[in-house]
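A short worksheet on the structure shown next.
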Amino acid sequence: VMETVNRDNHIEKNHIHHLGFGWLSDMGGIYTLGVQPGTVVRGNLIHDVERASYGGWGIYLDEGSAHIVVENNITYNTSTHGYFQNPGRENIVRNNIFAAGRDGLVCLGAPLPGIRAFTFQQNIVVSEGAPIHVGNLPWGDLRNPGFASDHNVLWNTKGGVHHHDTLDGQNSLTTEELRAAGLERHSVVADPRFADYAGRDFTLLPDSPALALGFQPIDVADVGVRPPERRGCA
């Protein structure tokens, strides 16, 4: 791990919504940059991120982001992807819900040769017709992914979970082809069984297949501005 003063930051319980308005590009609800061991992005609710020409992401780990844990977050209604990572390494993305990304849900912008960019596990990923995983040829592709992904629930509300090898939507892959490349081998393609997906209530029903994979329910009742009695530094 590189020595850095940017470390041990906790970005937690924020309600971040209605960003960009179609005027801005290259943005995310939460943005990180560089090596920052001990940093955790946890319990945030992010939605309605609208780009101008490119880059309206939910959680955006940019250049060199490393040793960050991203967990228990919910993103939805993003104009690009729910989770996007540019060159970075050894991040952990677990127990999140990524839903309704217009261009896709999970994307690695540019993998570093021989380095695992991130481990993506026990997440719920819901498409409304877009690909789940999106590659970025010529820098990297899903057949040589540069990241690990398994034990997730994958679902397309329009039917037919699929993945793209390129940002422009070419080279579509099935989940079986993805598994042949080493991704999603123990993941399930199934309705995650939310209380009210159309109303964006992501509470899991008791028969959700995500629970069998070890997913821990996410409580967003306390996200956003804290009441006066909970403000200030502890």
>> Among residues at least two apart in sequence or on other chains, which ones pass side chain to side chain contact (heavy atoms under 4.5 Å, CB included) with Q216?
In response: N95
> Between atom CG of N72 and atom CD1 of I97, what is the distance when rounded to the nearest 0.5 Å?
Replying inline: 9.5 Å
>> Show me the pairs that pass salt bridge (Lys or Arg N to Asp or Glu O under 4.0 Å) and involve residues 193-215, at least two apart or across chains.
In response: E128-R200, R193-D207
> Considering residues at least two apart in sequence or located in another chain, which fulfil the side-chain hydrogen bond (donor to acceptor under 3.5 Å, both in side chains) criterion with R179?
Replying inline: E176
> Taking atom CZ of F215 and atom CD1 of I124, what is their separation to the nearest 0.5 Å?
Replying inline: 4.0 Å
> Does the pair L173 and R143 meet the rule for a side chain to side chain contact (heavy atoms under 4.5 Å, CB included), with working shown?
Replying inline: CA-CA 9 Å; L173 283 75; R143 298 180 194 275; 3.8 Å; yes
> Measuring from H47:NE2 to I16:CD1, what's the distance to the nearest 0.5 Å?
Replying inline: 10.0 Å
> What pairs meet the salt bridge (Lys or Arg N to Asp or Glu O under 4.0 Å) rule with one or both residues in residues 22-45, with sequence neighbours excluded?
Replying inline: E12-R42, R42-E71
>> So, taking the atom named OG1 in T75 and the one named OH in Y60, what distance separates them when rounded to the nearest 0.5 Å?
In response: 15.5 Å
>> Taking L205's backbone N and O only, do any of them form a donor-acceptor pair with S208's side chain (distance below 3.5 Å, no angle check)?
In response: no
> Of all residues at least two apart in sequence or in a different chain, which pass the side chain to side chain contact (heavy atoms under 4.5 Å, CB included) check with S127?
Replying inline: L105, A130, I132, N156
> Hey, any chance L61 and I92 share a hydrophobic cluster, counting ILVMFWY side chains that come within less than 4.5 Å of each other, even indirectly?
Replying inline: no
> Measuring from N91:CG to I68:CD1, what's the distance to the nearest 0.5 Å?
Replying inline: 5.0 Å
>> Same cluster or not: L24 versus I46, using hydrophobic residues (I, L, V, M, F, W, Y) connected whenever any side-chain heavy atoms lie under 4.5 Å apart?
In response: yes
> Within the side chain of S172, is there an N or O that forms a donor-acceptor pair under 3.5 Å with the backbone of H164?
Replying inline: no
> Sequence neighbours excluded, which residues qualify as side chain to side chain contact (heavy atoms under 4.5 Å, CB included) partners of A52?
Replying inline: S25
>> Could you see if L204 belongs to whatever hydrophobic cluster contains Y197? Use Ile, Leu, Val, Met, Phe, Trp, Tyr and a side-chain cutoff under 4.5 Å.
In response: yes
> According to a 4.5 Å side-chain heavy-atom criterion applied to Ile, Leu, Val, Met, Phe, Trp and Tyr, with indirect links allowed, do V40 and I30 form part of one hydrophobic cluster?
Replying inline: no
>> Has Q85 got a side-chain atom pairing as donor or acceptor with A117's backbone, closer than 3.5 angstrom?
In response: yes
>> Checking N152 against L213 for the side chain to side chain contact (heavy atoms under 4.5 Å, CB included) test, could you report, in this order, the C-alpha distance in whole Å, the side-chain angles of both residues, the deciding distance, and whether it holds?
In response: CA-CA 7 Å; N152 302 297; L213 290 175; 5.9 Å; no
> Under the side chain to side chain contact (heavy atoms under 4.5 Å, CB included) criterion, do I74 and V220 qualify, and how do the steps go?
Replying inline: CA-CA 9 Å; I74 298 176; V220 294; 3.8 Å; yes
> Knowing that exactly one of F98, F84, Y83, F147 qualifies, which makes a ring pair (Phe, Tyr, Trp, His ring centres under 6.0 Å) with H133?
Replying inline: F147
>> Would V225 and H15 count as a side chain to side chain contact (heavy atoms under 4.5 Å, CB included) here? Give the steps.
In response: CA-CA 8 Å; V225 179; H15 187 188; over 6 Å; no
> Once the angle between the rings of F21 and W23 is folded into 0 to 90°, is it parallel (under 30°), tilted (30 to 60°) or perpendicular (over 60°)?
Replying inline: tilted
>> Quick check against the 3.5 Å criterion: does D62 have a side-chain atom that pairs as donor or acceptor with the backbone of L33?
In response: no
> Any sub-3.5 Å donor-acceptor pair from T32's side-chain atoms to S65's backbone N or O?
Replying inline: no
>> Would you compute the distance between atom CZ of R226 and atom NZ of K13 and round it to the nearest 0.5 angstrom?
In response: 12.0 Å
> Is the backbone N or O of T39 less than 3.5 Å from a side-chain atom of D8, with the two atoms forming a donor-acceptor pair by type?
Replying inline: no
